[in-house]
Trainee: 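First the structure, which I've put down as structure tokens, then a few questions once you've had a look.
Side-chain atoms are counted along with the backbone in the values below, which use heavy atoms only and exclude waters and symmetry mates. In each ligand, atom 1 is the first atom listed, and ligand 1 is the first ligand listed.
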Amino acid sequence: MNWKDCRAGRDFTLSDAPTGVQDAEITKDEAARRMAKNLRRCAQLQDALFAEGREGVVIVLQAMDAAGKDSTIKHVMTGMNPQGVKVTGFKQPSKEELAHDYLWRAVRALPERGCIAIFNRSYYEDVLVVDVHDMYKGYRMASRCIDESEEEFFHKRYRQINDFEEYLYENSFRVVKIFLNVSKETQKERFLARIDDETKNWKFSSSDLKERAYWDEYMKTYEAVIRATATKHSPWYVVPADKKWFARYLVSEILLDTLEACRPQYPELPRADRDNLAACRAALEAEDGGK
Ligand code: ATP
Ligand code: MG
């Protein structure tokens, strides 16, 4: 399985998507070697992207708890210039956020052109957890907005998300969505490790277990969401996440492909400015009598 196979389309079925690595597919060492190479190239491309300031990138990371979002961000972002990268976590919305439309906080986290924004969870929570727990029914919104069937409510949101991402694409931003696909068994192992290892206790919350009880609902909802919002300009990638090293390597490939697609070029100085550079060089060399 390579990163291109992770691309999910309108006919995507989650039960067919692998969570693990097939034997002999790739070794851990080989994946680490390729990832390091990818990240070196990503750092070069990011430098040019930033210098040029022509296109912005949003990487959306979605997953069940303990799928490895945080560590993926930590590993895949190494080598990037922090000046051009911003990570935003989307937790339960605050009172202020809930008083706005659901895209408001995402809009505030968008990058400038030339920069990369990593969304650790995102506005996709508004069609995932909000659907699984019927949260929208308690929202303070005009009845015309919530007094419709659940299906209608979320279909409208799918459309709004597609429109939002298209709008961004048409304004020189690329949105790439990644679902770290972990199995229920692996989640259990990682939860147990978080309980047993004192240094990992802080990562565990009993509410994680409550969400785990809705596993099947989440899978159904993820599948529907991915199908409805996988577009040519704003693709979804479903990455097997039972082995963190494999997931990270695949994410590095996706990031590299995304940055390459931007084709960033260092800006070329206008003729007059280039001539001026020569004059500046001459002035510097003339300092201290040309020593
Ligand atoms: P960790 O890996 O550290 O657990 P996390 O992303 O799960 O990171 P948490 O603070 O544990 O962070 O969880 C954030 C919670 O906020 C998630 O359960 C998520 O579903 C929820 N959440 C995010 N956006 C919304 C939203 N718009 N409405 C309701 N809940 C949301
Ligand atoms: Mg959590």
Side-chain angles (χ1 to χ4, degrees), residues 58-77 86-110 117-141 145-146 150 153-154 156-158 160-161 164-165 175 177-184 186-226 229 239 241-242 244 247-248 251:
V58 180
I59 307 283
V60 168
L61 269 183
Q62 284 290 152
M64 297 297 282
D65 283 308
K69 282 183 281 103
D70 290 1
S71 68
T72 301
I73 292 170
K74 202 161 78 186
H75 285 84
V76 175
M77 289 305 125
K86 191 169 129 210
V87 181
T88 304
F90 290 77
K91 308 270 182 191
Q92 279 177 9
S94 66
K95 228 170 144 189
E96 188 191 18
E97 287 168 345
L98 272 181
H100 287 85
D101 62 285
Y102 67 96
L103 290 175
W104 182 71
R105 64 177 179 166
V107 169
R108 283 160 49 109
L110 287 176
I118 313 281
F119 285 5
N120 185 347
R121 301 190 188 269
S122 64
Y123 46 90
Y124 278 97
E125 292 294 324
D126 294 280
V127 287
L128 288 160
V129 65
V130 173
D131 186 349
V132 168
H133 292 293
D134 288 342
M135 288 171 170
Y136 72 100
K137 289 184 178 160
Y139 285 171
R140 200 182 282 254
M141 284 167 78
C145 309
I146 40 179
E150 186 167 329
F153 182 85
F154 287 104
K156 248 192 226 170
R157 285 203 163 180
Y158 296 161
Q160 291 158 2
I161 288 175
F164 176 58
E165 291 174 350
V175 184
K177 292 109 57 170
I178 298 173
F179 173 56
L180 296 180
N181 187 21
V182 79
S183 66
K184 202 174 175 189
T186 301
Q187 188 194 55
K188 182 176 171 179
E189 281 166 25
R190 293 191 188 158
F191 278 172
L192 287 172
R194 287 178 180 191
I195 291 168
D196 294 342
D197 179 346
E198 264 180 30
T199 66
K200 289 184 177 170
N201 282 173
W202 64 276
K203 284 193 194 174
F204 186 75
S205 142
S206 55
S207 66
D208 291 353
L209 270 196
K210 288 195 197 122
E211 288 314 297
R212 179 176 166 82
Y214 291 92
W215 186 275
D216 293 346
E217 276 276 319
Y218 270 110
M219 293 304 114
K220 222 176 75 200
T221 312
Y222 262 110
E223 183 176 277
V225 165
I226 290 170
T229 57
V239 168
D242 282 349
K244 286 191 176 182
R248 285 173 199 154
V251 171

Trainee: Is a donor on one side and an acceptor on the other found under 3.5 Å between the side chain of Tyr123 and the backbone of Phe90?
Mentor: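 No, because the side chain of Tyr123 does not come within donor-acceptor range (under 3.5 Å) of the backbone of Phe90.
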Trainee: Salt bridge or not between Asp101 and Arg108? Use side-chain N to carboxylate O under 4.0 Å.
Mentor: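 Here Asp101 does not pair with Arg108 in a salt bridge, since their nearest N and O are not under 4.0 Å apart.
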Trainee: Do any protein N, O or S atoms sit under 2.8 Å from the Mg ion (ligand 2), and which ones are they?
Mentor: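 Listed by chain and number, the nearby protein N, O or S atoms are Asp65 OD1.
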Trainee: Under the criterion side chain to side chain contact (heavy atoms under 4.5 Å, CB included), which of Val60, Ile59, Asp70, Thr88 is the partner of Asn120?
Mentor: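 Between Asn120 and the candidates, side chain to side chain contact (heavy atoms under 4.5 Å, CB included) is satisfied uniquely by Asp70.
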Trainee: Between CD of Gln92 and CE of Met135, what distance do you get to the nearest 0.5 Å?
Mentor: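 Answer for the CD-CE pair, Gln92 versus Met135, is 6.0 Å.
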Trainee: Do Asn120 and ligand 1 have an N or O pair less than 3.5 Å apart?
Mentor: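 N/O-N/O distance under 3.5 Å: no.
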Trainee: Starting from atom 3 (O) of ligand 1, locate the nearest protein heavy atom and write down its residue, its atom name and how far away it is, to 0.1 Å.
Mentor: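 Scanning the protein heavy atoms, the shortest distance from atom 3 (O) of ligand 1 goes to Asp70 OD2, 3.8 Å.
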Trainee: Under 4.0 Å from atom 16 (O) of ligand 1, is there at least one protein heavy atom?
Mentor: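 Under 4.0 Å from atom 16 (O) of ligand 1, at least one protein heavy atom found.
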Trainee: Ser205 near ligand 1, heavy-atom distance under 4.0 Å?
Mentor: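 In this structure, Ser205 fails to qualify as a contact of ligand 1 - no heavy atom is under 4.0 Å.
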Trainee: Do me a favour and list the nearest non-hydrogen protein atom to atom 30 (N) of ligand 1 with residue, atom name and distance?
Mentor: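 Ranked first by proximity to atom 30 (N) of ligand 1 is Val129 CG1, 3.5 Å.
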Trainee: Counting only N and O atoms by type, is there a donor-acceptor contact under 3.5 Å from the side chain of Arg105 to the main-chain atoms of Glu97?
Mentor: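 Not at all, since once roles are kept as given, no pair shorter than 3.5 Å links the two residues.
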Trainee: Is the backbone of Arg194 close enough, under 3.5 Å, to the side chain of Asn201 for a donor and an acceptor to pair up by distance?
Mentor: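 Confirmed, Asn201 side chain pairs with Arg194 backbone.
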Trainee: Just to be sure I'm reading this right: ignoring hydrogens, which of Lys69, Glu125, Lys203 gets closest to atom 19 (C) of ligand 1? Compare them by their nearest heavy atoms.
Mentor: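 The nearest heavy atom belongs to Glu125.
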Trainee: Do Lys91 and ligand 1 have an N or O pair less than 3.5 Å apart?
Mentor: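 Such a contact does occur with ligand 1.
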Trainee: For ligand 1, which atoms, with element, lie under 4.0 Å from some heavy atom of Val130?
Mentor: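 Matching atoms, with element in brackets: 28 (N).
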Trainee: Among Arg105, Arg121, Gln92, which one has a heavy atom closest to atom 24 (N) of ligand 1?
Mentor: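 Nearest option to atom 24 (N) of ligand 1, by heavy atoms: Arg105.
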Trainee: Under a 4.0 Å heavy-atom limit, does Asp65 contact ligand 1 with its side chain, its backbone, both, or neither?
Mentor: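 The part of Asp65 near ligand 1 is the side chain, not the backbone.
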Trainee: Considering both backbone and side-chain atoms of Asp126, is one of its nitrogen or oxygen atoms within less than 3.5 Å of a nitrogen or oxygen in ligand 1?
Mentor: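 For ligand 1, there is an N or O atom that lies under 3.5 Å from one belonging to Asp126.
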Trainee: Can you sort out which atoms of ligand 1 are near Met135, meaning under 4.0 Å from one of its heavy atoms?
Mentor: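 Here the atoms of ligand 1 in question are 29 (C).
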Trainee: If the condition is salt bridge (Lys or Arg N to Asp or Glu O under 4.0 Å), which residues does Asp134 pass it with, not counting sequence neighbours?
Mentor: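 Asp134 satisfies salt bridge (Lys or Arg N to Asp or Glu O under 4.0 Å) with Lys137 only.
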Trainee: Is a donor on one side and an acceptor on the other found under 3.5 Å between the side chain of Asp242 and the backbone of Ser183?
Mentor: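 Checking the backbone N and O of Ser183 against the side chain of Asp242, a donor-acceptor pair under 3.5 Å is found.
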Trainee: Hey, could you give me the OG1/NZ distance between Thr229 and Lys177, rounded to the nearest 0.5 Å?
Mentor: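 Taking OG1 in Thr229 and NZ in Lys177, the distance rounds to 4.5 Å.
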Trainee: Number the atoms of ligand 1 from 1 as they appear, then name those within less than 4.0 Å of a heavy atom of Pro93, with their elements.
Mentor: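 Answer for ligand 1: 25 (C), 26 (C), 27 (N), 28 (N), 29 (C), 30 (N), 31 (C).
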Trainee: If you measure from OH on Tyr124 to CD1 on Ile226, what distance do you get to the nearest 0.5 Å?
Mentor: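 Result: 9.0 Å between the selected atoms.
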Trainee: Less than 4.5 Å apart, any side-chain heavy atom of Tyr136 and any of Met141?
Mentor: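 No, their side chains stay 4.5 Å or more apart.
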Trainee: What about Phe191 and Phe204, are their ring centers closer than 6.0 Å?
Mentor: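 Yes, they do, as the ring centres are separated by less than 6.0 Å.
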